[in-house]
Amino acid sequence: MLEKNYTPKDFEEKIYEKWETNGDFKPDMSSDKDSFCVVIPPPNVTGVLHMGHALDYTLQDILIRYNRMLGKKVLWQVGTDHAGIATQMVVERNLAKDGISRHDLGREKFIETVWKWREQSGGTICKQLRRLGASCDWSRERFTMDEGLSRAVRKIFVNLYKDGLIYKAKKLVNWDSKFMTAVSDLEVIQKECVGKMYYYRYPIEGEEGKYIHIATTRPETMFGDTAVAVSKDNEKLKHLIGKNCIIPIINRAIPIIADEHADPEKGTGAVKITPAHDFNDFEVGKRHDLPLINVLNPDATLNENTPYEGITTLEARQKTIDALSELGLMDKIEDHPMVIPYGDRSGVIIEPLMTDQWFVDAPVLAKEAIRVVEEGEMEFLPKTYEKTYFEWMRNIQPWCISRQLWWGHQMPIWYGPDGHIFCEENEELAQAEADKFYGKHEELTRETDVLDTWFSSGLWAFSTLGWPDKTEFLDTFYPTSVLVTGFDIIFFWVARMMMMSMYMMKKVPFKKCYMHGLIRDEHGHKMSKSKNNTVDPIETIEKYGADALRFFMAAMETQGRDINMSEARVAGYRNFATKLWNAARFGEMNEAKPVADFNPDNVSLAVNKWIIAKAKEATLEVTKNLNAYRFSDSANSIYQFVWGTFCDWYIEMIKPILYGEDETAKAETKATFAWVMDRILVVLHPFMPYITTQLWNNLATRDVELMHHTWPTEDVVDNQAKEAIDWAIEVITVIRSLRAEMNLPAGAKLKAYIKDDNNKIAIYIKDFANIICSLARLETIETLNGEITPDMVQTVCQSSTILLPLKGVVDFSAERERLQKELAGLDKNLAGYASKLSNPNFVERAPIKVVEEEKKRQTEALENKAKVEEALARIANL
RNA sequence: GGGUGGUUAGCUCAGUUGGUUAGAGCGUUACGUUGACAUCGUAAAGGUCGUUGGUUCGAGUCCAAUACCACCCACCA
C-alpha cells in the first residue's frame with residue numbers, strides 16, 4: 001500500500017543507496033548496442049553543490065538515464081578536480097585560523113595537509129551529487145591528482161615539450177601578488193571603475209624651462225620608465241623626438257622616441273614607456289630595444305629600483321605625486337574611467353610582471369581544434385556558441401601554464417647545474433638523460449612550479465578512461481558522446497579539452513557540446529554570496545524532494561538562455577509529483593494491476609483506446625525532444641500528459657466504468673490504467689528517478705529495475721482512436737462553460753440535448769452519454785427530437801448545437817446578452833475570413849490546404865452564426 | 001571598441017522550418033457537487049508579442065534600423 005502522502009524524504013536516499021550497492025550505474029558492457037558516455041565537469045574538490053551544479057548534473061543524468069533505458073552501454077564518468085588555487089586558498093585560510101602560514105609548514109608538509117583535508121571534506125560534493133540522484137559510476141571515480149591522471153599529465157607534458165609546444169620564456173605575465181603566482185589571461189577579471197589620470201611633466205635634458213607633458217594613470221611606475229613615446233605625425237611634439245628627458249625625483253635621463261603607440265589625440269600625445277610593467281609598453285620596448293626596469297617586488301610593493309622601496313603601489317603613487325608637486329611638475333589630476341585587472345580568486349589587482357614562466361603554444365594546438373568544429377566532427381548546441389569558440393580560438397594567445405603554487409602537478413622538469421633542462425616523465429629518466437648529456441653524474445634540481453589546474457582538466461575526457469594505458473573503457477567510450485557544461489567555462493575548459501585531445505588522441509573528446517546558461521535568482525540577478533541571494537539546492541531538495549528540483553531544471557532549460565530560480569515553481573513540480581502519487585493511489589485502490597499479457601493495441605473501449613494513443617503520442621514527443629536536446633519541451637510533454645490528460649480526463653472518465661457493473665469493461669479499464677501508469681513511470685523516470693522507482697516497486701512485483709527498463713521506441717499512434725473522446729471532451733468543456741456562465745448551481749442535475757444531423761454524432765452521444773453526464777454533471781444527454789423551445793439555453797460546439805432546457809430559470813435578458821456576445825465574436829472572425837478569402841492574392845498564392853482550411857472555418861462560423869441568430873430570434877420577445 | 005543573447009499576460013517563461021482565435025506555471029476572480037489528490041477540481045479575466053520600416057497573400061516567427069537590459073571579449077596612456 002502506498003502512503004497517503006507523498007513524502008520524498010522517506011524514500012529518496014534509500015533508493016539511491018540501493019542503486020549504488022547493486023551496481024546499477026555501471027555500464028552494461030555486454031550490450032550489443034552503441035556506447036554512450038558523458039564525462040562529468042569535475043567539481044572542485046573543495047566545492048559544495050550550488051544550483052549551477054544541480055542544473056548541469058540534472059541534464060546529464062536525464063541523458064544518461066534515457067540512453068541507459070535505450071539499452072546502450074552507458075558510462076557517466078565521475079570525479080573531482082584538485083582546483084589548484086581554489087583549494088590552496090581554502091586550506092591556507094584554515095591554517096590561518098591557527099595562525100599558521102604554509103611557509104611555516106614547508107612545501108611537503110603543506111601538501112600533506114591538503115591531502116588530509118581533502119580526505120575529510122572532499123567528499124561533500126559527491127554526497128550531494130548522490131542526493132540529486134545522479135547515476136554516475138562511482139566505482140570509477142577519479143581525481144585530477146590521483147596517480148593515473150598524474151601520469152597522464154606528465155606524459156602529455158613531456159610530449160608537448162619534446163614537440164616544442166611547451167617552452168619556457170621570460171615574459172610579461174599577469175602576476176597575482178596575493179598568491180605570488182602567475183595566472184593566465186582568463187583568470188584576470190577586468191573591472192570598470194573611475195580612476196584618476198595624472199598629468200605632469202618631465203624636463204627636457206639640457207633645455208632649461210622646457211618640458212614634455214605626459215599623462216598616466218600610474219605615476220608610481222615612472223621609476224621604471226625607459227622612454228617617452230611621441231608619434232612622428234604629431235606636429236606639436238615631433239620636434240622633441242631624439243632628445244632626452246629627465247625622470248624627476250630620480251633624475252634619470254631617458255630618450256624621447258617616435259612610436260605609433262602614442263596617439264596624438266589621447267592624453268597629452270606623449271606617453272611614458274614602462275616596458276616592464278605594461279603590456280603595450282613592453283611591445284614598444286621590444287621595437288626600440290629599450291631596457292626593462294622592474295620596479296616591483298612579487299608582493300606588489302616597490303623594490304630597490306625606486307626611492308620608495310617596500311611600500312605598496314598605492315602609497316607610492318601618493319608619494320610620487322607629492323614629490324612631483326613639490327618640484328612644481330604636477331599639472332592636474334582628472335577623474336578617468338578605466339578598467340583595472342583583478343585576480344578572479346584573489347581579488348587583488350593583477351600586475352604585469354617580468355618573470356620566467358612556462359607556456360603552451362596554444363596557437364599551434366588551436367588549429368586542429370578549430371578544424372574539427374568547422375568540419376562538424378564536434379558540434380556545439382546551441383550552435384551560436386560555435387562563433388564564440390572560433391572567435392577566441394582564432395585569436396588565442398600562448399597559454400601560461402606555470403603557477404608558483406604548491407598544490408598541483410609539479411612540472412616534470414629537471415635542471416642540471418648549468419641550467420640545462422631535462423624534461424622526462426620521472427626523475428630516473430631525467431637523471432639518465434642528464435648522465436648521458438654531461439657524461440658524468442650531476443645533481444639535478446626539479447622545477448618547483450606546478451601546472452595550471454586546467455592543464456589536467458584538459459585531459460579529463462581520456463585520462464579518466466585510462467589513458468595512457470590502452471583500456472577497454474578507452475576503446476569503448478572515447479570519443480565521448482556529449483559534454484554538458486556551462487558557457488562560462490567554454491574557454492577555460494572546453495577549448496583546452498579540444499586542444500589537448502586533438503593533440504594527443506587525434507580524435508575529438510566529445511561529439512557534441514551542450515552548453516547551458518547560468519542559474520540566477522528569481523529576478524534575473526546573478527546569484528552570489530555577497531548579494532545574499534543564493535539558494536542552496538540541498539535545502540531545496542530537503543523541502544521539495546530531488547525529483548521536484550530536477551524537474552524544475554529540465555522544464556526550465558531552453559537552449560541559450562539563463563534560468564531564473566523560482567521556489568514557487570519548484571513547489572509546483574513537487575505538486576506534480578504529488579499528483580502522480582495520488583493517481584497511483586487511485587489505481588491501487590481500484591486494483592488496477594499490470595496484466596502480464598496485456599496488449600495495448602487490442603482494447604475495445606473508446607476511452608482506453610484513446611488514453612493509449614495519447615500515451616504513445618506523449619512518449620514520441622518526449623523521445624523526439626530528448627533526441628534534440630530540447631529539455632523543456634520533453635519535460636512539458638510528459639507533464640502535460642500526466643496532469644492534463646491522464647489525471648484530469650482519463651481518471652475522471654473511467655470512474656463510471658470502475659464503479660459500474662460491467663465486469664468486462666472494468667477489467668479492461670484496470671489493465672489499461674495499469675499499462676498507462678507503467679508507461680508514465682518509464683518515460684518520466686529520467687526526469688524524476690525517485691518517485692517513479694518508488695511507485696514502480698510498490699505497484700507490482702517487477703522483473704526488472706525501472707532504470708533498466710526498455711524505453712519504448714516501437715509506438716504507432718492510432719490517430720482515429722483519439723477522435724471520439726476528443727469530441728466528448730469538447731462537449732463537456734462547452735457545457736461546463738455554459739453552466740458557469742449561466743451561474744447554474746454546481747449540484748443541479750440538468751438534462752442536455754444535442755442537435756446535429758451527422759450520424760456519427762448520434763452514435764457518439766449514445767456511446768459517451770455516461771462519460772459526459774458524469775463529467776458535465778448532467779442527468780441525461782440525448783439527441784434532440786423535435787423543436788428547440790425558447791426555454792433552452794443554446795451554444796455551439798463544432799457542428800453541433802448544444803441545448804440545456806432550463807424551465808423557468810432562464811433570465812432572457814441575460815441570455816440575450818450572452819448570445820449577442822457570442823455573435824460579436826463570430827462576426828469578428830467572419831470579417832477576418834472574408835477579407836482573406838476576398839483577396840485574390842491570398843486565394844491564388846497561398847497553398848491550397850491553407851485556403852481550404854480558411855473556407856472550412858468560414859462555413860462553420862456562418863452556420864454557427866445562423867444558429868445563434870435563430871436562438872436570438874426565438875427569445876426576442878420574451 | 002568588438003561580439004552575443006534578450007525584450008511575448010501582473011510575475012517567471014514557452015512558442016522547432018512564417019499559416020486556426022499567441023500558450024504554460026504562479027498570481028488574480030467566481031464557484032466547488034464527486035469514494036486519488038485542497039500540494040485539489042471547474043470556469044473566467046488578463047497580451048496592439050520593445051519601437052519603426054521592409055519582404056510576403058499572410059510576420060511573435062524572416063530582413064533592416066533603433067531603444068533599453070544582460071553577458072562575453074579587448075592593451076588604450
Side-chain angles (χ1 to χ4, degrees), chain A residues 2 4-6 190 197 214-218 229 261-263 266-274 278-283 336 338-339 352 384-385 387-388 391-392 395 487-488 490-491 517-518 520 522-526 544 555-556 558 560-566 568-569 571-590 624-625 628 630 632-633 636 639-640 644 647-648 651-652 655 659 733 736-741 743 745-749 774-775 777 825 828-829 832-833 836 839-847 849-851 853-854 856-857:
Chain A
L2 291 170
K4 183 168 182 340
N5 293 314
Y6 164 64
Q190 306 286 346
M197 178 72 86
I214 58 154
T216 181
T217 54
R218 303 202 59 187
H261 172 58
D263 182 341
K266 285 182 182 150
T268 59
V271 54
K272 68 192 224 26
I273 303 298
T274 323
D278 183 283
F279 289 100
N280 283 313
D281 294 2
F282 181 75
E283 294 303 317
H336 179 70
M338 55 192 290
V339 285
T384 49
Y385 284 107
K387 210 171 167 179
T388 315
E391 191 63 29
W392 193 72
N395 298 303
F487 72 89
D488 49 327
I490 183 169
F491 305 138
L518 251 49
R520 301 170 170 279
E522 58 185 327
H523 301 294
H525 301 294
K526 215 167 169 172
Y544 300 105
M556 297 304 289
T558 52
R561 266 188 93 126
D562 288 347
I563 294 175
N564 290 3
M565 194 60 214
S566 156
R569 208 140 176 155
Y573 292 122
R574 187 272 323 269
N575 294 355
F576 173 61
T578 306
K579 189 77 181 173
L580 176 67
W581 185 267
N582 283 308
R585 284 181 59 231
F586 173 81
E588 193 180 50
M589 286 172 188
N590 287 285
K624 185 186 85 189
N625 287 317
R630 300 180 66 89
S632 80
D633 284 342
N636 287 330
Y639 179 96
Q640 178 51 38
C647 292
D648 286 350
I651 289 184
E652 295 307 320
K655 279 178 183 171
Y659 305 146
T733 308
R736 280 172 175 174
S737 266
L738 195 57
R739 288 182 67 123
E741 219 169 327
N743 270 323
K749 287 266 183 176
S774 147
L775 297 201
R777 293 271 111 196
K828 199 183 141 206
N829 290 344
Y833 304 142
K836 266 192 185 175
N839 180 351
N841 280 328
F842 173 72
V843 181
E844 280 162 30
R845 299 195 198 182
K849 215 181 120 192
V850 173
V851 177
E853 280 281 309
E854 202 70 11
K856 206 178 117 197
R857 268 176 235 136

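Proteins get letters first, then strands, A, B, ... in listed order; numbering begins at 1 in each.
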| request: Check the distance between C72(B)'s C1' and F491(A)'s CZ and give it to me in whole angstrom. | output: 7 Å
| task | Select from E741(A) and N564(A) the residue whose nearest nucleotide in RNA chain B is closer to the 5' end of that strand. | result | N564(A)
| field | Position toward the 5' end of RNA chain B (nearest nucleotide), A555(A) or N839(A) | value | A555(A)
With 3.5 Å as the limit, what N/O pairs link the protein to nucleotides 35-37 of chain B?
| unit_1 | atom_1 | unit_2 | atom_2 | d |
| --- | --- | --- | --- | --- |
| A36(B) | OP1 | K655(A) | NZ | 2.9 |
| A36(B) | OP2 | Y659(A) | OH | 2.5 |
| A36(B) | O2' | N582(A) | OD1 | 3.3 |
| A36(B) | O2' | R585(A) | NH1 | 2.9 |
| A36(B) | N6 | C647(A) | O | 3.3 |
| A36(B) | N6 | E652(A) | OE2 | 3.2 |
| A36(B) | N3 | N582(A) | O | 3.3 |
| A36(B) | N3 | A583(A) | N | 3.3 |
| C37(B) | O4' | N582(A) | OD1 | 3.4 |
| C37(B) | O4' | N582(A) | ND2 | 3.4 |
| C37(B) | O2' | N582(A) | ND2 | 3.2 |
| C37(B) | O2 | K579(A) | NZ | 2.9 |
| C37(B) | N3 | K579(A) | NZ | 3.0 |

| On a whole-Å scale, what distance lies between the C1' atoms belonging to C62(B) and A70(B)? | 25 Å
| Whole-Å C1' distance, C40(B) and G35(B) | 15 Å
| note | Rounded to whole Å, CE of M556(A) lies from P of U12(B) at a distance of 11 Å
| field | Touch class at under 4.0 angstrom, heavy-atom based, for R574(A) against every strand present | value | base
| message | Mind checking if A748(A) touches a base, just sugar-phosphate, or nothing, with heavy atoms under 4.0 Å? | response | nothing
| Nearest-Å distance for atom pair CZ/C1', residues R520(A) and U12(B) | 14 Å
| query | With rounding to whole Å, what would you report as the distance between C72(B) and U66(B) at their P atoms? | reply | 24 Å
| Measuring from L2(A):CG to F586(A):CZ, what's the distance to the nearest 0.5 Å? | 14.0 Å
Any protein N or O atoms within reach of nucleotides 1-6 of chain B? Criterion: under 3.5 Å, listing atom names and distances.
| unit_1 | atom_1 | unit_2 | atom_2 | d |
| --- | --- | --- | --- | --- |
| U4(B) | OP1 | K387(A) | NZ | 2.7 |
| G6(B) | O3' | R561(A) | NH1 | 3.2 |

| Atom P, compared across U51(B) and G32(B): separation rounded to whole Å | 42 Å
| query | Does K836(A) offer a backbone N or O that forms a donor-acceptor pair with the side chain of E854(A) under 3.5 Å? | reply | no
| task | Determine: side-chain N/O of S632(A) to OP1/OP2 of C13(B), distance under 4.0 Å, yes or no. | result | no
| said: With rounding to the nearest 0.5 angstrom, report the OG1 to NZ distance, T216(A) to K272(A). | reply: 4.5 Å
| Which residues satisfy the side chain to side chain donor-acceptor pair (under 3.5 Å) test with R520(A), sequence neighbours excluded? | D562(A)
| note | Residues at least two apart in sequence or cross-chain that pass ring pair (Phe, Tyr, Trp, His ring centres under 6.0 Å) with Y385(A), listed by chain then number, are none
| query | Any donor-acceptor pair under 3.5 Å linking the side chain of R777(A) with the backbone of A748(A)? | reply | no
| Heavy-atom side-chain contact between E391(A) and N395(A) under 4.5 Å | yes
| message | Atom NZ of residue position K749(A) - does it have more than 12 heavy atoms of other residues, nucleotides or ligands inside 6.0 Å? | response | yes
| field | Beyond-backbone contact of L775(A) with R736(A), side-chain heavy atoms, under 4.5 angstrom | value | yes
| Between NE2 on residue H525(A) and CE on residue M565(A), distance to nearest 0.5 Å | 16.0 Å
| Pairwise P distance, U34(B) and G27(B) [rounded to whole Å] | 25 Å
| request: Find out whether R585(A) and Y6(A) are in side-chain contact, i.e. whether some heavy atom of one side chain is under 4.5 Å from a heavy atom of the other. | output: no
| query | Contact class for T558(A) vs. all strands (heavy atom < 4.0 Å): base, sugar-phosphate, or nothing? | reply | sugar-phosphate
| Looking at Y639(A) versus Y573(A), is the centre-to-centre ring distance below 6.0 Å? | yes
| query | Quick one: which of A43(B), A14(B), A77(B) gets closest to the side chain of H336(A)? | reply | A77(B)
| Can you give one letter per nucleotide of nucleotides 16-33 of chain B, going 5' to 3': B for a protein heavy atom under 4.0 Å from the base, S for sugar-phosphate only, - for none? | B--BBS---B-------B
| message | Rounding to an integer number of angstrom, what distance separates U42(B) and A22(B) when you compare their P atoms? | response | 23 Å
| If you look at every strand shown and take non-hydrogen atoms under 4.0 Å, does G269(A) touch a base, only sugar-phosphate, or nothing? | base
| query | Under the side-chain contact (heavy atoms from CB on, under 4.5 Å) criterion, do F491(A) and T388(A) qualify, and how do the steps go? | reply | CA-CA 9 Å; F491(A) 305 138; T388(A) 315; 3.6 Å; yes
| On a whole-Å scale, what distance lies between the C1' atoms belonging to C49(B) and G6(B)? | 14 Å
| query | Would you call D281(A) and H261(A) a side-chain contact if the rule is heavy atoms closer than 4.5 Å? | reply | yes
| What stems involve RNA chain B, if each pair must be Watson-Crick or G-U and both of its distances must be under 3.5 Å, with 3 or more such pairs in a row? | B:1-7 with B:67-73, B:10-13 with B:23-26, B:28-32 with B:40-44, B:50-54 with B:62-66
| Nearest-angstrom distance, C1' atom, U16(B) to U52(B) | 28 Å
| said: Can you measure D562(A) atom CG to C71(B) atom P for me and round it to whole angstrom units? | reply: 10 Å
| query | Is it true that a side-chain atom of N636(A) and a backbone atom of S632(A) form a donor plus acceptor pair closer than 3.5 Å? | reply | yes
